[in-house]
Novice: 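Below you will find the structure I want to go over with you.
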There are 2 protein chains.
Amino acid sequence: MRQVTIYDIAKEAKVSVATVSRVLNDTAPVKGATRARIEELIQKYNFQPNAMARSLLKKETGIIGVIVPDLTNPFFPEVFAGAEQEAQQEGHTFLLSNSIGDYTKESEYLSILREKRVDGIIFMGGRINLKQCEDHLVQELVQHASVIPTVLVNGGLRNTDLIRVATDEAAGTALAVRHLIGLGHKQIGFIGGESHMTTTSIKLRAFRKTLKDEGLEIREEWLLPDSFSIESGKRQMLKMLDMKERPTAVFCVNDYTAIGAIKAVAEAGLAVPDDMSIVGFDDIPLAHHFIPELTTVSQQAHELGRMAVKVLKTMMNKEKVKKLTTLDPQLIVRQSTGAPRP
Amino acid sequence: MRQVTIYDIAKEAKVSVATVSRVLNDTAPVKGATRARIEELIQKYNFQPNAMARSLLKKETGIIGVIVPDLTNPFFPEVFAGAEQEAQQEGHTFLLSNSIGDYTKESEYLSILREKRVDGIIFMGGRINLKQCEDHLVQELVQHASVIPTVLVNGGLRNTDLIRVATDEAAGTALAVRHLIGLGHKQIGFIGGESHMTTTSIKLRAFRKTLKDEGLEIREEWLLPDSFSIESGKRQMLKMLDMKERPTAVFCVNDYTAIGAIKAVAEAGLAVPDDMSIVGFDDIPLAHHFIPELTTVSQQAHELGRMAVKVLKTMMNKEKVKKLTTLDPQLIVRQSTGAPRP
DNA sequence: GGGTTTCATGAAAGCCTTTACATATAATTC
DNA sequence: GAATTATATGTAAAGGCTTTCATGAAACCC
């Protein structure tokens with residue numbers, strides 16, 4: 001059975017479609033009696049205007065496209081929730097896709113978003129070093145961005161000037177590393193992160209810089225990027241524990257890898273933080289429920305999401321926006337870090 | 001600057017729009033030279049057909065609407081990922097919303113989905129006992145479902161015969177409780193879950209039944225529903241630890257509450273599982289990385305998502321589907337359960 | 001009471017595709 | 001070579017809504 005249209009309503013109410021449209025959108029005065037008659041019919045048939053027809057005309061869909069690398073990492077749902085909250089008022093809705101770091105998928109999805117004429121795009125977590133990626137995805141993204149307002153969340157792409165909202169990850173990294181140094185650590189390792197991701201390279205660079213600034217030695221063999229999963233944290237910590245000389249503390253690119261690292265230490269019969277201090281990044285909800293509670297750097301995920309939408313909204317209104325909006329990270333000291341054994 | 005349309009392409013290629021449409025959709029033969037000319041222009045202008053115009057005509061959008069109660073609970077992203085994987089081939093895309101258990105929001109969102117003419121709806125986690133909810137949301141959902149293929153994931157709604165895909169949560173609960181009993185526990189508590197949610201009432205009922213079947217006493221004061229958060233697990237376990245007579249094991253409605261419960265036990269200076277055995281539900285990725293590793297019941301979240309989409313697809317093809325597709329839960333014994341102290 | 005506003009409504013165009021039908025051309029048949 | 005069939009393309013309607021412009025009726029002014 002066909003869905004009822006504005007025509008059906010108009011016909012039965014013995015008015016023109018224009019009038020029905022007017023009561024639907026409250027866009028011009030309609031006489032009380034007429035309005036009542038129409039509203040009743042709308043009720044009766046449970047009529048809902050076809051958003052596509054409307055969008056076709058108005059050139060706006062009320063949809064924001066979101067691309068996240070991995071929804072399975074609790075950081076992203078948190079950002080998403082923030083975005084959703086901010087978008088709520090305007091009645092915006094989200095088309096969500098998990099790219100799982102697959103750049104073909106990202107690219108395809110970007111196409112779909114464009115076909116669907118979304119009002120804006122939020123793109124989280126950018127790649128950087130992969131050559132094929134640079135050539136392709138970036139170009140594509142930039143091209144799309146020229147048509148659809150786009151904001152990059154955490155992770156710039158080289159040689160582009162896309163609008164960005166980001167935590168100052170370098171500052172956050174420095175915060176964490178300085179915290180370790182402050183506790184007396186002199187031998188500090190780095191774990192996790194795919195090396196072609198922007199977030200990893202930013203953190204790694206900041207890590208090196210902080211160590212250098214503080215006059216500490218950088219041991220290349222203690223720099224162990226991998227991926228963002230718990231498993232990778234575990235794997236790399238295991239590797240580290242196997243070394244004959246090992247650090248007394250590690251910085252992990254995110255909380256998931258930190259948890260993995262802690263797990264590895266625990267399984268080896270060692271103690272966190274006594275034998276190994278571990279600091280994470282993100283402050284996912286679990287961080288302060290893990291045992292031991294995780295020292296970490298908060299990115300204010302929720303706020304990040306809100307801000308992304310806020311920026312997007314001003315772009316959609318064709319107002320001017322800053323190229324980069326930065327959120328300040330915060331060090332949250334809990335139980336997974338402490339002074340090294342003397 | 002206006003987006004380029006099929007007209008612009010047709011004009012510049014000196015053909016009719018029909019021909020352009022034909023090369024776009026490969027729906028009828030087009031002469032090589034013409035096709036080449038058109039394709040070149042498409043390339044040149046980076047033309048992308050307007051999905052709305054198309055959908056308006058074809059009456060399908062390629063969009064599946066998803067409503068989850070809380071994306072922040074790792075179980076749901078997992079289900080979502082499964083759904084996404086299954087939907088991939090057909091190029092379906094997801095409009096996602098977090099309802100946060102707010103039934104007004106669910107209801108509004110349902111409306112939006114309908115306006116947007118999504119091809120199908122996946123609704124996760126149903127309410128049950130709330131009176132206002134019954135009266136309203138359910139009615140609405142049923143009404144929508146008569147127009148748009150809808151599948152309920154884990155959680156029926158009373159008095160409806162909506163199509164469902166669900167883990168056999170009762171069986172899962174029994175599995176877990178029997179496991180505890182098998183270890184020698186005779187005093188078993190129940191923690192977590194909002195009592196008006198279907199999932200809670202199913203589990204609670206199965207919990208009672210299993211205890212009864214095994215000839216154990218049901219102590220009402222050890223039945224502590226609350227919510228699904230880590231905090232609620234912690235809170236209720238704290239309460240339990242304060243009782244002068246307390247159980248030796250608890251069943252938690254999900255892994256998040258189980259983690260909270262473990263945390264509470266640990267902070268009280270007691271040991272899991274020696275002083276308290278704890279079993280969770282869901283088997284979120286973290287379950288086997290938590291310390292101690294969590295004994296839990298796997299719902300095969302990923303599979304659940306896939307199945308939901310699979311069922312939805314057959315509904316969209318207007319084929320017949322079973323009213324209820326059940327997935328079998330699996331008990332996964334890890335470290336958080338053990339024999340009670342003698 | 002004639003002229004000017006205001007209010008309520010209708011007619012029709014436009015948004016961008018797809019597709020049924022029609023037409024023109026080319027290829028095939030006997 | 002006339003008749004048939006296949007191939008390539010065009011014309012125009014349809015899909016469901018919003019909105020501009022026009023019109024008729026009612027209210028106001030002096």
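Note that this is a predicted model, so its numbers are computed, not measured. Chain naming here is simple, since letters A, B, ... match the order of the sequence lines and numbering starts at 1 in each.
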Novice: Considering all heavy atoms of both residues, which atom of L71(A) and which atom of N98(A) are nearest to each other, and what is their separation?
Specialist: N-OD1, 2.9 Å
Novice: Rounded to the nearest Å, what distance is computed from the NZ atom of residue K116(B) to the P atom of nucleotide dC17(D)?
Specialist: 14 Å
Novice: Rounded to whole angstrom units, what separation is found between the CG atom of D26(A) and the C1' atom of dC7(C)?
Specialist: 15 Å
Novice: Any side-chain N or O of T5(B) below 4.0 angstrom from OP1/OP2 of dC16(C)?
Specialist: no
Novice: So D26(B) and R35(B), salt bridge (charged side-chain N to carboxylate O under 4.0 Å, His left out) or not? Walk me through it.
Specialist: CA-CA 10 Å; D26(B) 207 22; R35(B) 156 168 262 126; 3.1 Å; yes
Novice: Step through the shown structure and confirm whether more than 12 heavy atoms of other residues, nucleotides or ligands are within 6.0 Å of CD on E40(A).
Specialist: no
Novice: Ignoring hydrogens, what is the shortest heavy-atom contact between V118(B) and T61(B)? Give both atom names and the distance.
Specialist: CA-OG1, 3.5 Å
Novice: Could you tell me whether the phosphate oxygens of dG15(D), OP1 or OP2, come under 4.0 Å of any side-chain nitrogen or oxygen in N50(A)?
Specialist: no
Novice: Distance alone, cut at 3.5 Å: any donor-acceptor contact between the side chains of N50(A) and R114(B)?
Specialist: no
Novice: List every contact pair, protein side and nucleotides 4-12 of chain D side both N or O, where the distance is under 3.5 Å.
Specialist:
| residue | atom | partner | partner atom | Å |
| --- | --- | --- | --- | --- |
| dT9(D) | OP1 | T34(B) | OG1 | 2.7 |
| dT9(D) | OP2 | K31(B) | N | 2.8 |
| dG10(D) | OP2 | S16(B) | N | 2.6 |
| dG10(D) | OP2 | S16(B) | OG | 3.2 |
| dG10(D) | OP2 | T19(B) | OG1 | 2.8 |
| dG10(D) | N7 | R22(B) | NH2 | 2.8 |
| dG10(D) | O6 | R22(B) | NH1 | 3.4 |

Novice: Measure the distance from CG on L56(A) to P on dA14(D) and round it to the nearest whole Å.
Specialist: 17 Å
Novice: For atom CD of E319(A), decide whether the heavy atoms of other residues, nucleotides or ligands shown that lie under 6.0 angstrom number more than 12.
Specialist: yes
Novice: Given that M52(A) and K58(A) both sit by DNA chain D, which one's nearest nucleotide is further toward the 5' end?
Specialist: M52(A)
Novice: Rounded to whole angstroms, how far apart are CG on L57(A) and P on dT18(D)?
Specialist: 8 Å
Novice: Can you tell me the distance, in whole Å, between the CG atom of L24(B) and the C1' atom of dT17(C)?
Specialist: 9 Å
Novice: Between P on dG10(C) and NZ on K11(A), what's the gap in Å once rounded to a whole number?
Specialist: 15 Å
Novice: Find the distance E60(A):CD to dT18(D):C1' and express it as a whole number of Å.
Specialist: 12 Å
Novice: Please report the shortest heavy-atom distance between G82(B) and R306(B), naming the atom on each side.
Specialist: O-CG, 3.3 Å
Novice: Counting only side-chain N and O atoms of K59(A), is one of them less than 4.0 Å from OP1 or OP2 of dT18(D)?
Specialist: no
Novice: Return the value, rounded to whole Å, for the distance between atom CD1 of I9(A) and atom P of dC17(D).
Specialist: 9 Å
